[in-house]
Amino acid sequence: MRKVAPIDQRKADHIKINLEQDVRSAISSGLENYHFIHEALPELDLNRVDTTLSLFGKKLNSPILISSMTGGTDEAEAINFRLAEAAQECGVAMGVGSQRAAIENPEQAKTFQVRRVAPEILLFANLGAVQLNYGYGIDQCRKAVDMIGADALILHLNPLQEAVQDAGDTNFADLAKKIEEVCKKIEVPVIAKEVGWGISARTARLLADCGVSAIDVAGAGGTSWSQVEMHRAPDEFTRELAATFVGWGISTAESILNVKKNVPEMTIFASGGIKDGLDIAKCIALGATLGGMAGQFLKAAAISTGQVVERIKLMKRQIEVTMFASGVGTLKGLELGKLANL
Ligand SMILES: Cc1cc2nc3c(=O)[nH]c(=O)nc-3n(C[C@H](O)[C@H](O)[C@H](O)COP(=O)(O)O)c2cc1C
């Protein structure tokens with residue numbers, strides 16, 4: 001049997017815990033506080049409602065993102081390929097999970113290399129930004145992008161996750177200037193992304209100053225990484241530390257508005273507790289371009305490609321019906337004025 005290195009073990013734990021345990025945040029996405037103003041006379045043909053968009057040079061059939069999750073193990077490879085097949089069939093975007101394992105262990109690259117089944121999708125590479133303080137630089141960032149033929153690079157920000165785990169990488173000092181350097185040198189757009197605790201006004205401005213092309217707010221309201229770490233804690237001290245933060249973070253709705261108000265031109269991806277296409281439509285009306293989901297797609301991909309396709313089709317229809325009943329024919333028409341705040 002192949003020896004499982006600690007980084008692989010971590011990835012395997014993440015999948016297992018996310019599939020088997022309740023790891024939801026104690027706070028909600030905030031999207032339930034908004035509803036669309038119903039239009040009884042929409043003056044639209046439902047069959048002509050248009051959910052297509054162009055982003056980073058790629059055309060998408062709908063504003064749906066399969067959020068960054070996994071890679072590195074045989075099980076993760078199967079999940080990545082199912083997600084990618086579904087993304088290709090449905091014309092949506094996808095991110096792979098952190099590629100650090102494959103940078104350090106090149107034979108794992110194949111578990112991330114989904115272009116074989118998804119030649120046309122908008123595809124995002126992924127590395128932890130904090131690795132820029134642990135010996136990584138532009139070379140590793142380029143390797144991650146080249147490894148999978150990505151259209152853009154996601155640098156994820158997960159300070160709390162690192163802080164509540166045993167032996168996490170917790171030196172986040174002076175990281176902004178290193179992110180800025182990557183943005184300046186790399187040939188593809190850079191996206192900064194949280195992992196489930198959201199983006200404040202200060203962080204939004206700081207990231208904009210670094211020169212990122214987009215921010216995925218990954219707000220609180222869905223998967224809580226302190227809960228995931230709680231379930232894999234090696235001792236009671238670490239378990240209690242992680243459990244403390246079940247209600248931490250900035251909700252997804254608030255995070256979108258923080259970016260929109262402070263950096264109006266920034267491209268925003270929304271994720272964190274998004275349930276369905278109606279939630280995605282709300283995020284777009286608040287200012288986002290794409291709505292991403294992780295936990296939900298993981299559960300579908302654990303079953304089959306077909307399950308992922310079915311989920312995406314339902315979400316696309318939910319977005320179309322929301323737009324239709326709100327009197328909006330194109331994504332550009334989904335704006336703040338279409339929403340009422342409860
Ligand atoms: C199993 C799993 C693994 C994840 N791994 C990564 C990762 O490697 N890199 C990353 O940026 N985010 C990662 N995430 C975070 C998600 O991309 C997403 O931001 C977060 O889970 C919130 O979305 P959700 O509430 O729909 O799950 C992971 C999420 C899950 C469920």
Side-chain angles (χ1 to χ4, degrees), residues 7-8 10-31 64-73 75-76 78-80 83 93-103 108 111-112 124-131 144 148 150 152-162 165 169 190-199 214-229 231-232 249-253 255 268-276 279-280 283 288 290-302 311 315:
I7 194 166
D8 301 8
R10 193 157 68 221
K11 278 289 156 194
D13 287 351
H14 287 165
I15 292 175
K16 190 170 158 45
I17 291 167
N18 273 285
L19 287 175
E20 293 176 4
Q21 306 286 345
D22 180 1
V23 292
R24 279 171 302 177
S25 166
I27 63 176
S28 76
S29 69
L31 295 169
I64 297 172
L65 166 66
I66 299 173
S67 291
S68 314
M69 274 187 277
T70 201
T73 64
E75 185 191 14
I79 287 170
N80 268 342
L83 293 171
M94 171 181 167
V96 298
S98 170
Q99 292 163 261
R100 187 174 147 212
I103 300 263
Q108 291 185 12
T111 67
F112 294 90
F124 302 137
N126 191 294
L127 284 175
V130 75
Q131 296 311 319
I148 63 165
L153 171 68
I154 290 178
L155 290 176
H156 69 257
L157 302 164
N158 62 341
L160 185 56
Q161 184 192 3
E162 297 290 347
Q165 67 181 268
D169 293 330
V190 174
I191 301 154
K193 171 180 177 299
E194 237 292 343
V195 299
W197 290 292
I199 298 289
I215 297 176
D216 183 335
V217 300
T223 306
S224 159
W225 279 91
S226 53
Q227 288 299 98
V228 177
E229 294 302 337
H231 284 290
R232 53 183 293 273
I250 304 169
S251 77
T252 297
S255 297
I268 302 169
F269 299 168
S271 66
I274 291 180
K275 293 191 305 295
D276 51 27
D279 273 355
I280 294 176
C283 290
L290 295 183
M293 279 139 295
Q296 276 209 54
F297 282 132
L298 177 67
K299 291 186 176 85
R311 284 234 63 78
M315 282 173 199

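Computed from heavy atoms alone, side chains included, the values below leave out hydrogens, waters and symmetry copies. Start at 1 and go down the list; that is how both ligands and their atoms are numbered.
Within 4.0 Å of ligand 1, contacts by protein heavy atoms are made from Lys11, Asn18, Ser67, Ser68, Met69, Gly97, Ser98, Asn126, His156, Lys193, Val195, Ala218, Gly222, Thr223, Trp225, Ser271, Gly272, Gly273, Met293, Ala294, Gly295, Leu298.
Among residues two or more places apart in sequence or in another chain, the side-chain contact (heavy atoms from CB on, under 4.5 Å) test is passed with Ala192 by Leu157, Leu207, Val212. Listed by chain and number, the residues in a side-chain contact (heavy atoms from CB on, under 4.5 Å) with Ile103 are Leu127, Tyr136, Gln140, Lys143, Ala144, Met147 (sequence neighbours excluded).
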Per-pair distances, 0.1 Å, donor-acceptor, side chain in residues 64-72, under 3.5 Å, sequence neighbours excluded:
unit_1, atom_1, unit_2, atom_2, d
Ser67, OG, Met293, N, 3.3
Ser68, OG, Asn126, ND2, 3.0

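For the atom pair Gln161 CD and Ser226 OG, the distance stands at 9.0 Å (nearest 0.5 Å).
Under a 3.5 Å cut-off, the side chain of Asn18 and the backbone N or O of Glu20 do not form any donor-acceptor pair. For the pair Gln296 (side chain) and Lys275 (backbone), a donor-acceptor distance under 3.5 Å is present.
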